[in-house]
Each structure stands twice: as C-alpha cells, then as structure tokens.
Amino acid sequence: MAVSEDKVPGEEVGRLKAKDPDLAENGLVDYRILEGDGMNLFEISKDSETQEAVIKLKKPVDFETKRSYTLRVEASNPHIDPRFAAWGPYKDTTTVKISVEDADEPPTFMAPGYNFEVEENAPAGTLVGRVHAKDTDIMNNPVSYMIPRYTDLEEFFTINPEDGIIKTTRPLDREAQAWHNISVSATENGGHHQDAKVRVNIKVKDVNDNAPEFATQSEVLVCENVSPGKLIETVSATDKDEMAHRQHFHFSLAPEVANNHSFSLKDNRGHDEVGKLKATSSLINYGGVALVRASPSVDSKHSTASIFVIRKGFSRMTQDVYHLPIEINDNGVPPMSSTNTLIVRVCSCDSKETILSCNVEPFILSAGLSTGALIAILACIVILLAIVVLFVALRRQKKEPLIVFEEEDIRENIITYDDEGGGEEDTEAFDIATLQNPDGANGFLPRKDIKPELQYPMRPGLRPIGNSVDVDDFIKTRISDADNDPTAPPYDSIQIYGYEGRGSIAGSLSSLESVTTDSDLDYDYLQSWGPRFKKLADLYGTKDSADDNS
C-alpha cells in the first residue's frame, strides 16, 4: 500500500481480505495488527458488509522523516466449533508494507513561535530578531519572507525577504503600545508557492522618558477658619514608565514658593504615618499653608506627600484661590521631574468646618442687582423694542385711502403743447389719432359707463302722435349712435353743441352780444377807490360822461 504525506488522520490507506469458505457465523473473520513499526501510525477495522480489513491513517506521516512502514496483520474466526478445535488453528497472518509518498508541502518554521525585545525609542533600522523556515521537500526550494500588512497596519517593522531579519521602521513608544504581535509568512519560490505563517511577539523595553505627574487633578478646599497645622490634602503621583524595584517619587515645593507663609509640604517617603508638622528642611511653606510631599515606592502604597496649613485667617474676599507648584522627581535613570500645580480654594464654613460656599459671587452681587433682577430688566427691554418695531411695521403697511379727491382725478389728462397749430386746415401740427381709443379703431367699442337696459314693448293703447317729436326715442337713438361710434370721445369728455335749444326763456348765455346792449350799471364809485382803479374808472366812466355832455 501507499499513502501520501499530506493525508490527514482518519483517511483510508488500503484494504485486504482473508477468504473463508465456511458459511454463516463460521465464515466471519476478525482482523488485528500484531506488530510492526507503524503500529502507532495506523489502525485497522472491518467492513461488516464485505468482511474486508480497512487500514486507516492514525497519525500524519512525513516522507522526509520515514518513507515506509511494515505491519503484521492477523485474520481469525471469532466462532470455533469445539468439535473441530483440533483441526485448527483457525487463523492466518500476512505482512503489509506501506510506502509514504512525497507531497509538495509548505515551508516549515524552525520554531512554533518567536518572542523578541527591542528598546523603546530605538532609531529606525534597529535589529529586532530573525525567523527561519525551510522547504522540507526533496526539491528544497528557497523560501521568501514577508509580514502581512493586516498584522502590522502602521508598518512599524520590515523583514528581509531572503533571510527573515526583522527591523524597526521608526522609534517605538512603549507607553503607546508595549507589545506588537505580528505574523511572518514564508513562501517557497518553486512548486505550488505554498506558504506557512508563524506568530512573532515583540516587546518594547521601557526607557525612563516620562516625568511623573499627579495621580488626580482636583481642587483642595480649605475653610476660612481652618486651624494651623491641619492636614488638608495627601497627594500622590503616577508615572507612565515602568518603575524599578524600590524606586520612589520625591516631592518638593517649587523654589518660588518655598518660603511662603500659608502652606507646607512633607514628603512621606513611603511611611505609613504622615507625621506631625515639624520645622524641618523637608517642610516647605507657601502663602501660609504647609505642604508635605511624599515619594512613592513601587512596592509601597504610601508614596505620597502631605499638605498642611501653617497659618490662620484666610479670607475669600482677599484671596480665594492659591496655586501651589509642586516638583515631582521619579529618581529613575535618567531621572525625570515635572512641576504640577495644586489648586487650593478658600471656602466659607460653619463652626464645625462644614463647607457652605466656595464662590465669591454672592459678595459681588450683594452690592448691586441680583441675577434674576438683571434678567427681568433685560426681558422688559426686549419686549418694549419688539412692540416699537411692530408699531412701525404696521404704520408702513397702512393702505392708501380708497376715495380719489377731485384734484387727484386721474381721468383728467391735460396735455399741453407749445405749438399752437395752423388753424382748422392744419393737419400736420397735431395728430388727432393720439386722442382716439386704439381699441375702437378696429371694430365695435361698447360703452362701459352705461348699463344695458331691457327694451320693453310699448304699452297697448299708446301710439306716437304724427309729426310730433318723441324725446325718449330721440335720446335712445343718440345713445345708441354714441355707443356704436368708435371715434366717439370718452363718456367724461365735454360735449359742445352749437345749437342750444329752442323756446328757452333764459335767452342766450353768450357774452358776445353784451357789447351791443346798454348797461344799466353805474361805475362812478370807481372814482372813489383811488389811483389804482383810475384806469377802470376812465374806461367805464367815459361813456357816461359823453352822454351827459350830449
């Protein structure tokens, strides 16, 4: 039999069968492996339908490690008739040789995984480590290496494709990422280009490049009536870098506030007790408050500094906030230090030192208006402005009166010309067509100022008198002619007739004949009006004088 080295456990290698001429249960056969160098790699079972022995792969085989195996297989009857036991044995053995065939396999790394270390902030191109894989096939093709980008998205590392040497592409920051877990792929250059991957874990070794800082950033509240020597705060520090064994922080006030008279600082240096306030070199005053500073240790929970008040009589109106600059040193290699500011706020407290208020606003607002009063005043001002704007807008939108006054009558279109014309026969000085309605030049123009009336038939019994004038018919005829005349002037034009009527008792209204009639008026009174009316008196008084002389 033969099996390829790329087969997986459980796959069938081959079959064999022992012949037994008996029938029924006497013909049943069982199989087992007696011995051989492949007993741990192969197993045997029976097919109940065909009574065949089935040899299967129990563990993977490797062509490059061992190329053939030998098995001793036995076949026997499970049921033996006692009457014929002396005729036995009822079993047989055979030797099975299994050859391992070579298959094109992916390269194999010399280690299941790799762990490397690299210094923090090391320059680009620093050696990290080397991975090694080889092609175990007979061809022994060369192998090329690469880092899949999905395992190193920011491309911190690069690998030589020929020898598998890994290097950095930039300085690494341990505080940003302490471990880098990447994969390296090895691909054979010949054959089917199969590849294999291995896990590479890279640890960034810490370098003391970060200064310590306060563990928490919060304000310290102190009462105005605080007693001198009272502990008001215990501060601690943290460091992004790894702390060495028994390494601790060192606290101190900044030089510019070392001689203050309000606060002092004591470095606890890892002790359990804060201790009493003493006038020592480690006690630093600032603005009347004593600040105590402590250095933390890696294996101690008491790397702190204590802050004490060294005077009494604080006032929020004088100064409500104090700033305490504190220097913290980590005592590392190289040592790193930083200055952090602790804010101390003065508050109003009762006799039991219970904080009532920490703001200065109530003292300021008491001298003037409160916030609610200011808001109410502003609201009133805004409402008044809105009313004024609305009133002005309504005034601007007020409509014009619908009544058209006499002096504004738009129907009276007076056209003035400087040219007086050449008389009745002058047809060029003025074009009469400009006064005509252009809509009536091409057809019928109905009168818009007259409401149509129904024509009622003449009442029975009434007949027109012969040779008599029917005024009603005359007026209707004239109206009809005027309505149907496209050249007729508008209804509001002045109509002048030379014939004034017949039989009027008023006589003529013309003033042209007044010069031929005698006047009964006496104009002598004009002589008494003075020199301004002398000319009129002479004109109208001359005729009277002539009559008197005659």
| Test log, rule side chain to side chain contact (heavy atoms under 4.5 Å, CB included), inputs Asp62 and Glu105 | CA-CA 10 Å; Asp62 185 13; Glu105 298 176 301; 4.0 Å; yes
| request: Would you please test Asn140 and Asp135 for side chain to side chain donor-acceptor pair (under 3.5 Å) and show each step? | output: CA-CA 5 Å; Asn140 193 19; Asp135 184 11; over 6 Å; no
Counting only pairs under 3.5 Å, give me each side-chain donor-acceptor contact of residues 32-45, with atom names and distances, residues two or more places apart or in other chains.
unit_1, atom_1, unit_2, atom_2, d
Arg32, NE, Glu74, OE1, 2.7
Arg32, NH2, Glu74, OE1, 3.1
Asp37, OD1, Thr70, N, 2.7

Per-pair distances, 0.1 Å, donor-acceptor, side chain in residues 332-346, under 3.5 Å, sequence neighbours excluded:
unit_1, atom_1, unit_2, atom_2, d
Ser338, OG, Pro212, O, 2.3
Ser338, OG, Asn340, ND2, 3.1
Arg345, NE, Glu219, OE1, 3.0
Arg345, NH2, Glu219, OE2, 3.2

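For Glu175, the salt bridge (Lys or Arg N to Asp or Glu O under 4.0 Å) test picks out no residue, with sequence neighbours left out. The salt bridge (Lys or Arg N to Asp or Glu O under 4.0 Å) check on Glu52 picks up Arg15, with sequence neighbours excluded. With sequence neighbours excluded, no residue satisfies ring pair (Phe, Tyr, Trp, His ring centres under 6.0 Å) with Tyr145. Residues satisfying the side chain to side chain donor-acceptor pair (under 3.5 Å) criterion with Arg130, sequence neighbours excluded, are absent altogether. Remark: Asp102 pairs with no residue by the side chain to side chain donor-acceptor pair (under 3.5 Å) rule, at least two apart or across chains. Applying the salt bridge (Lys or Arg N to Asp or Glu O under 4.0 Å) test to Glu119 and every residue at least two apart in sequence or in another chain returns Lys205. Take Ser144 and apply the side chain to side chain donor-acceptor pair (under 3.5 Å) test, not counting sequence neighbours, and it matches Asn189. Glu154 pairs by the salt bridge (Lys or Arg N to Asp or Glu O under 4.0 Å) definition with nothing, not counting sequence neighbours. With sequence neighbours left out, the side chain to side chain donor-acceptor pair (under 3.5 Å) criterion links Ser4 to Asp6. Pro123 meets the side chain to side chain contact (heavy atoms under 4.5 Å, CB included) test with Thr126; sequence neighbours excluded.
In this structure, Arg67 fails the cation-pi test against Tyr69, since its NZ or CZ atom is not both closer than 6.0 Å to the six-membered ring centre and inside 45 degrees of the ring normal.
A donor-acceptor contact closer than 3.5 angstrom is absent between the side chains of Asp239 and Asn210. If you check the side chains of Asp209 and Asn121, you find a donor sitting under 3.5 Å from an acceptor.
Under the 2.5 Å cut-off for SG-SG separation, Cys347 and Cys223 do not qualify: their sulfur atoms lie farther apart than that.
The two atoms that bring Glu120 and Asp206 nearest to each other are OE1-OD1, 3.2 Å, heavy atoms only.
Residues Val220 and Tyr322 fail the side-chain proximity criterion, which asks for heavy atoms closer than 4.5 Å.
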